[in-house]
Amino acid sequence: MQDDALRERLNLLRTQIDSHNHRYFVLDDPEISDGEYDALMSELRRLEERRPDLVTADSPTQRVGAEPAEGFSEVRHPVPMLSLSNAFDPDQFLAWKERAAALLERDDFDLVCELKYDGLAVALTYEDGVLARGATRGNGAVGEDVTQNLRTIKSVPLRVLGKAHPRVFEVRGEVYFPKSGFRQFNEERAAQGLPKYATPRNTAAGSLRQLDPRVTAERPLDIFVYGLGYAEGDAPATQWETLRYLGDLGFRINPNNALAGSTEQALHYCREWLEASENLDYDCDGVVVKVDRLDYQRHLGVVGREPRWAIAYKFPATQAVTRLLDIRANVGRTGAINPYAVLEPVDVAGAEVKLATLHNEDYIRSKGLMIGDMVVVERAGEVIPQVVRPLPERRTGEETAFEMPKECPGCAEPVARPEGEATWYCVNAACPDQLVRLLEHFVGRGGMDIEGMGRKLGRTLIESGLVKDAADLFYLRADQLLSLDRMAEKSVSNLLAAIDAARNRPLARVLTAMGIGHVGSEAAALLARRFRSIDNLMAAAEDNLTDIDGIGPKIAESLTSYFSNEGNRVVIEKLRGAGVRLEDEAVEEPANRPLDGLAFVVTGRLRGFSRSDIAVRIKELGGSVTGSVSKKTSYLLAGEDAGSKLADAERLEVPVIDEAGFKDLAGGA
Ligand code: IVH
């Protein structure tokens with residue numbers, strides 16, 4: 001075949017196959033037989049084998065990459081991936097709607113009702129119509145690049161349908177493991193003598209984090225898309241149109257989405273799906289109701305991580321009755337003694353439950369739980385199973401009361417309960433169980449990510465005396481490790497390599513790994529971004545900490561107390577001594593910071609920005625935002641209907657600017 005003719009044939013085959021894929025995997029409405037489809041695919045494969053130079057990344061033959069990945073790199077979401085606030089009954093739902101109506105000063109706006117898929121959120125970025133990147137939600141700000149795995153999902157277009165689309169745009173949706181596929185998958189595993197997976201959601205998450213995309217490709221994952229993260233240029237003006245638009249581009253949209261003209265209609269949708277969701281082939285844990293108009297959404301804005309323009313109406317959790325066989329306790333990494341329920345195994349909505357958290361002593365008392373009771377247990381989505389209440393009418397007289405252990409279940413030293421707290425603590429700094437947990441957290445995926453270091457090896461290292469704190473890991477030598485049971489040359493050298501790699505983790509990971517109370521990955525990322533090094537952070541006053549958006553007094557206090565502890569400081573110095581990087585390289589500051597050093601207060605309604613958008617913008621340009629006007633305020637940015645802050649500014653002679661004035665200051669930005 002002539003080159004031109006060949007190119008043309010390749011192009012035609014790809015377009016045809018894409019279209020048949022779309023009909024089959026997205027619309028569930030195939031037009032041709034499997035045999036005809038296979039014939040097209042084999043012709044394409046044959047031609048591509050002959051001319052590898054003409055293979056394109058978006059060719060339907062290229063869904064499964066050849067080589068397993070070494071790991072996943074981080075992706076910072078250009079627009080944060082938010083959470084949702086919940087309503088658990090009609091009153092809470094109505095309260096949400098009324099609040100939105102009050103802020104919008106009208107209540108005749110449309111609502112879009114969608115199911116709340118219980119999978120995991122992903123962001124798909126398309127450049128020039130071709131899938132360029134796919135990422136997990138992660139902590140909302142930073143996720144993982146799982147492009148190679150998302151490509152294996154047949155309903156994810158490798159290139160969009162049609163020519164008219166923004167040059168760059170990001171689609172958001174939920175990846176899930178279909179229920180039927182999950183049952184079959186588990187049956188196959190059982191037949192091979194492999195352990196079963198617990199829930200479709202966890203299994204979907206695990207499947208998406210496979211290093212080898214060939215493994216992901218074997219799992220029947222699917223996706224529903226529900227929104228645009230961002231789009232260059234023009235985009236639809238409402239959520240309802242967005243869904244249609246995304247459908248036209250070839251994405252898989254849920255057929256049960258509905259546009260509600262009234263609150264009653266939206267509530268009706270919620271009630272209907274509460275009954276009917278069981279029959280779907282995917283898990284749903286509620287309904288998401290969204291304000292339809294996107295300009296209204298912007299006006300309503302976001303509080304913390306939760307938009308005011310949407311709410312999750314959650315289905316009640318599923319419950320079951322079983323026997324409370326025992327109450328035991330373990331010790332966590334902070335020394336907290338955690339009581340938990342040992343239950344007669346019971347199936348709750350498709351998952352086996354045999355353990356449940358009991359939080360603390362007061363929780364057990366207030367529920368009046370006795371060992372041997374029949375109890376109601378509940379499981380809601382991803383939440384750890386809970387014991388709701390005992391059924392005292394089913395007591396036999398054999399039940400026994402629970403006594404909180406007076407000794408640590410790990411080290412048998414006495415436990416203590418601080419004034420005003422519900423939790424007992426093991427105060428023995430050398431408690432091996434505490435250390436095992438701490439170490440497990442330290443080497444975990446969100447932390448130093450040391451592969452090959454599970455809880456078991458952690459325990460062995462601690463019991464052998466080789467590791468007395470987390471920093472000791474970095475001082476381990478091959479001969480020491482070889483002296484341990486079941487450690488051969490190969491595993492020792494792998495482990496040492498993994499430990500070595502961990503010396504170079506970004507500061508945010510190190511901070512997360514330390515296990516400082518209330519400092520999770522999100523707070524750690526904020527702190528790392530602001531302070532850049534552990535020394536700067538340790539030198540920071542509590543005020544400097546709480547100045548950061550997202551760092552509250554609880555976190556600040558916890559940090560201060562952590563760093564004032566001598567033992568913790570010793571560990572930090574040992575980490576430093578072992579060559580663990582405790583600072584981030586200086587990032588290039590954006591050259592253009594016209595608001596450097598300026599302090600803003602924002603009040604009233606703005607036209608071009610939501611409240612959170614403007615705060616982000618000001619910070620990006622070097623300025624800061626505070627809540628109330630003082631003499632230190634550089635400018636009050638006042639929108640429509642500005643209230644008392646305007647008077648404050650006038651009294652304190654703080655300059656007042658409007659949006660146009662702000663744009664001038666910001667250099668047109
Ligand atoms: S909208 C407002 N729509 O729920 C931002 N989210 O708690 C939320 N989810 O991580 C995204 N179904 O994974 C939206 N129809 C739907 C959804 C949905 C499930 C998940 C999503 C997000 C979480 C928020």
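Numbers here simply count residues along the sequence, with the first being 1. No hydrogens, no waters, no symmetry mates; every other heavy atom, side chains included, goes into these values.
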Salt bridge or not for [X] and [Y], using N-O below 4.0 Å?
X	Y	answer
R395	D373	yes
E573	R576	yes
E378	R389	no
R305	E522	yes
D472	K574	yes
R459	D433	yes
R532	E583	no
D362	R365	no
R417	E421	no

State, with a plain yes or no, whether a side-chain heavy atom of [X] is found less than 4.5 Å away from one of [Y].
X	Y	answer
F182	R201	no
V342	L355	yes
L461	K468	no
Y176	D283	no

message: Ring centres under 6.0 Å, that's the criterion: do F177 and F185 meet it?
response: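 Yes: the rings meet the under 6.0 Å criterion.
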Could you tell me whether [X] atom [atom1] has more than 12 heavy atoms of other residues or ligands within 6.0 Å of it?
X	atom1	result
E451	CD	no
R99	CZ	no
K490	NZ	no

Closest heavy-atom contact between [X] and [Y]?
X	Y	answer
L507	L582	CD1-O, 3.6 Å
P409	V331	CG-N, 4.3 Å
E344	T322	O-OG1, 2.7 Å
S366	Y363	OG-O, 3.0 Å
N149	S207	ND2-O, 4.3 Å
T334	Q434	C-OE1, 4.2 Å

Using atom types as modelled and distance alone, determine if a side-chain donor or acceptor of [X] lies under 3.5 Å from a backbone N or O of [Y].
X	Y	value
R530	I548	no
D326	R328	no
R323	G372	yes

Side chains of [X] and [Y] only: does a donor on one sit below 3.5 Å from an acceptor on the other?
X	Y	answer
T216	Q210	no
T199	N202	yes
D145	T147	yes

- prompt: Step by step, would you call T560 with E542 a side chain to side chain donor-acceptor pair (under 3.5 Å)?
  reply: CA-CA 7 Å; T560 320; E542 271 192 36; 3.1 Å; yes
message: side chain to side chain donor-acceptor pair (under 3.5 Å), that's the test. Do Q386 and H359 meet it? Break it down for me.
response: CA-CA 9 Å; Q386 308 283 324; H359 304 285; 3.0 Å; yes
- prompt: Name the one of R455, R333, K456 that satisfies side chain to side chain donor-acceptor pair (under 3.5 Å) with E440?
  reply: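 Result for side chain to side chain donor-acceptor pair (under 3.5 Å) with E440: R455.
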